[in-house]
Amino acid sequence: MRRGVRGVSLVTAALLAVAAIPASAQADPAVRAAATERQMTDDERVTLTLGHLTSALPGRPAPPPEARPGAGYVPGVPRLGIPPLYETDASLGVTWIGGARGSGGTQLPSGVAQGATWNVALVEQGGRMIGAEARAKGFNVMLAGGINLMREPRNGRTFEYLGEDPLHAGLLGGAAVRGIQSHNVISTLKHFAINPQETGRAFMNAVIAEDALRESDLLAFQIAIEEGDPGAIMCAYNAANGLQSCGNEFLLTRVLREDWGYDGFVMSDWGAVDALDYALAGLDQQSGSGIDPQPFFGEPLKQAAQADPAYRQRLGEMVRRILHAIFDNGLDTHPAAMGAIDAAANSEIALRVAREGIVLLQNSDGFLPLGAHVGSIAVIGGHADAGTPVGGGSSKVLGDEGPSITVPFLRDGTAAFAAMLDQDFNRSSPLEAIREAAPQATVRFRDGRYASEAALAASQADVAIVFANQYQSEGFDVPDLALPEFQDELISAVARANPNTVVVLQTGGPVTMPWKDEVKAIVEAWYPGARGGEAIAEVLFGMVNPSGRLPITFPQSEAQLPRPRLDGLGTVEPNFVGVGAPGQTLAASYDAEGSDEGYRWYARQGIEPLFPLGHGLGYTTFEHEGLEIAADGDRLTARFTVRNTGRRAGADVPQVYLAEAAGRPMRRLAGFAKVELAPGEAKRIEVPLEARVVAEWEDGGWHIAAGNYRFVLAKDALADGPSATIALGERRFRAHEGP
Ligand code: BGC
């Protein structure tokens with residue numbers, strides 16, 4: 001147990017502090033927060049509002065010696081039993097910081113892979129696993145819960161986030177937070193609220209109408225907050241409608257506090273604070289202040305509070321919010337303590353997520369799964385001999401031994417961040433896993449550098465499996481959606497040499513596929529995590545029946561997107577911190593699609609993407625029937641039957657979409673389930689439908705117009721299926737009610 005001042009342990013000090021409060025109120029974190037804050041000096045108050053870096057950066061203040069190598073550190077107040085905050089990234093596990101901690105962490109598949117599971121319980125289990133690891137490594141805050149919606153498919157952080165739909169991202173993101181926080185670790189949700197791209201991220205301005213924002217990106221956060229009750233929210237780097245997100249009163253105060261009643265605290269992203277008055281806008285804690293122009297929330301905040309009642313009032317509130325999260329999550333009574341990790345058990349969870357997140361996009365002639373009869377296989381490209389790709393930036397997770405190989409990510413001015421940005425591969429080699437899955441087969445590997453050599457190997461094999469990667473890293477968008485480094489040409493050359501070609505994509509987000517009709521099968525494996533190689537082999541050979549469904553839409557080409565060109569491409573020089581030339585501005589307008597992002601845009605435009613959200617095949621078939629929609633008092637519910645009509649056990653993801661609202665055709669995901677079924681088995685399923693998806697945001701609240709509402713039970717966002725219509729009366733409501 002860590003010792004506080006004068007030999008009083010933090011837990012004892014916490015109990016002493018609690019003793020001053022009447023017993024009936026002791027459990028209430030709000031009451032405890034208020035009582036504790038009253039006892040604090042101003043120096044102690046500002047201590048809680050100011051975060052520090054945990055690693056030395058040239059020309060920046062040295063980290064406090066007691067900080068643990070991670071992402072941030074906020075000293076506590078030992079005399080009152082307030083523990084320090086030891087912060088680590090991120091949504092995919094406890095991050096790798098170049099080995100500085102002497103250990104790594106168990107790497108969950110990328111966020112988009114987690115999103116592709118559509119499995120709320122499994123994502124929660126993943127959260128529990130990484131939360132336990134964070135705690136055992138001495139952290140009590142996880143900068144996790146990345147749930148930004150994919151407005152810009154070229155966003156270099158697409159891999160970190162869950163998808164493009166507000167209900168889907170809200171339910172899964174809330175589950176992840178719930179899991180993490182079950183271990184006395186505060187989780188964030190980030191990056192509040194519309195953070196669509198990395199190009200110019202420090203200054204780009206996301207322009208969008210309020211109603212559209214409420215119905216999309218804000219709705220994802222609102223649902224995730226309701227589901228996960230995160231202790232903290234991290235505001236984004238960029239501006240929204242003209243104001244930097246971390247100094248944006250509309251977002252941080254009006255929406256988050258006043259409308260939603262959120263009772264945790266808002267921390268800034270690292271380097272996102274430019275002024276003291278962000279405190280007045282609703283920011284409660286300045287993170288990693290060493291990289292901001294100055295520690296605004298230290299001495300300057302204290303002085304402002306002593307001179308100005310508005311700052312005085314805010315300082316008290318900021319501290320109470322931080323304390324609320326600490327007490328609510330038991331950080332004081334269950335301090336983070338170094339402990340053992342069952343790495344083998346934890347990697348089983350990563351493996352389960354990978355198995356359920358891999359999406360079988362195409363399977364002509366039922367070519368997959370590969371059978372034991374395959375005599376020879378050519379495995380090509382993607383560094384499949386080494387491991388599977390790991391996304392770059394602050395969310396990079398690697399196991400204790402670090403990467404198997406590293407491909408340098410060299411760009412102008414990136415030297416200082418090289419370790420974060422380099423393209424690392426983990427140690428879960430798909431090639432080895434394929435060899436194990438097909439011990440009788442001759443398996444040859446070609447790295448794919450020469451298309452001719454790869455094609456020759458393919459022509460000599462029964463089956464060719466090409467691994468094609470798209471690397472993504474925080475700080476940089478991809479300029480377009482083509483597979484980089486001539487992999488399209490490689491795939492075509494291999495497909496010409498062998499008609500039995502399978503492509504395994506390991507991408508951060510969507511890519512275009514000019515070779516789609518030339519290959520038999522396409523498997524989207526994303527960045528599949530600590531045991532990704534195994535999971536891929538299990539899907540290819542049928543030990544696992546794929547049940548992943550796309551959480552994002554893949555366009556046929558960039559021309560189909562609301563913004564065919566990436567905003568800032570060619571005008572903003574790509575750089576990790578996302579700053580522009582002096583005085584440079586960049587506005588990106590999302591008015592074209594409004595709240596109809598992703599599949600909703602395609603539905604509205606009547607255009608057919610390459611693969612829509614919700615799409616995914618398996619090795620069995622499912623039938624949906626008997627859709628009924630009921631309004632039971634305040635709740636809308638869908639009931640239907642799912643039947644496994646094939647010969648293999650498997651899981652399906654039935655999706656209920658709003659297809660017509662009071663005469664207006666549309667597509668909006670209103671509910672979904674993940675259902676396991678034995679061959680021939682049928683189950684009647686009940687799925688709650690989200691009323692805010694059925695409503696429009698109008699005049700400061702949700703509005704459901706009177707009329708007929710038609711829902712479709714479909715296999716993807718644009719497919720047809722059984723439909724049912726219900727008449728709803730007019731209804732206006734605010735946050736938590738339903739029609
Ligand atoms: C990222 C955050 C991360 C923070 C701390 C920032 O660069 O945007 O997501 O939590 O760094 O590492």
Side-chain angles (χ1 to χ4, degrees), residues 51-57 60 63 67-74 85-98 100-101 105 110-111 130 134 139-148 155-162 173 176-177 180 185-204 206 221 230-239 244-246 265-273 283 285-292 391-397 414 416-421 472-477 508 574-579:
H52 304 269
L53 297 170
T54 63
S55 40
L57 287 181
R60 304 293 180 171
R68 296 176 180 161
Y73 172 69
V74 182
L85 300 181
Y86 299 101
E87 301 168 327
T88 179
D89 285 298
S91 310
L92 316 181
V94 179
T95 44
W96 175 252
I97 34 180
R101 225 179 13 248
S110 57
I130 63 173
F139 296 102
N140 55 13
V141 179
M142 242 190 152
L143 311 173
I147 62 160
N148 293 107
N155 180 9
R157 297 185 86 168
T158 303
F159 77 95
E160 284 187 53
Y161 306 139
L162 295 165
V177 167
I180 293 168
V185 172
I186 290 174
S187 176
T188 58
L189 269 182
K190 68 187 188 182
H191 305 88
F192 194 60
I194 175 168
N195 188 196
Q197 65 175 52
E198 293 296 279
T199 303
R201 66 174 173 168
F203 67 100
M204 69 84 60
F221 276 94
I233 302 286
M234 186 190 294
C235 46
Y237 278 126
N238 61 301
Q244 291 302 123
S245 304
C246 292
F265 69 102
V266 179
M267 68 166 77
S268 67
D269 201 341
W270 272 233
V273 182
L283 180 65
Q285 195 176 68
Q286 179 182 7
S287 308
S289 56
I291 49 173
D292 283 324
S394 61
S395 71
K396 177 184 289 189
V397 182
T414 55
F417 307 104
M420 278 173 93
L421 301 177
Q472 286 189 347
S473 171
E474 175 186 341
F476 297 89
D477 295 322
N575 63 91
F576 176 65
V577 281
V579 293

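Remember, it's 1-based here, ligands and their atoms both numbered in the order they're listed.
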Derivation of the side-chain hydrogen bond (donor to acceptor under 3.5 Å, both in side chains) call for Glu474 and Ser394 = CA-CA 7 Å; Glu474 175 186 341; Ser394 61; 2.6 Å; yes

In terms of ring plane angle, is the pair Tyr86 and Tyr73 parallel, tilted or perpendicular, where the classes change at 30° and 60°?
->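 Taking Tyr73 first and then Tyr86, their aromatic rings sit tilted (interplane angle of 30° to 60°).
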
Tell me whether the guanidinium CZ or amine NZ of Arg201 lies under 6.0 angstrom from the six-membered ring centre of Phe576 and within 45° of its axis.
->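 Yes, Arg201 lies over the aromatic ring of Phe576.
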
Yes or no on side chain to side chain contact (heavy atoms under 4.5 Å, CB included) for Asn238 and Ser245, after CA distance, side-chain angles and deciding distance?
-> CA-CA 6 Å; Asn238 61 301; Ser245 304; 4.1 Å; yes

Neighbouring protein residues of ligand 1 - any heavy atom closer than 4.0 Å =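 Lining ligand 1 at under 4.0 Å, by heavy atoms, one finds Ala71, Asp89, Leu143, Arg157, Lys190, His191, Arg201, Met234, Tyr237, Asp269, Trp270, Ser394, Glu474.
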
Checking side chain to side chain contact (heavy atoms under 4.5 Å, CB included) for the pair Arg60/Ser289: CA distance, chi angles, key distance, verdict?
-> CA-CA 10 Å; Arg60 304 293 180 171; Ser289 56; over 6 Å; no

side-chain contact (heavy atoms from CB on, under 4.5 Å) partners of Ala71, counting only residues at least two apart |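 So Ala71 forms a side-chain contact (heavy atoms from CB on, under 4.5 Å) with Asp89, Leu143, Trp270.
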
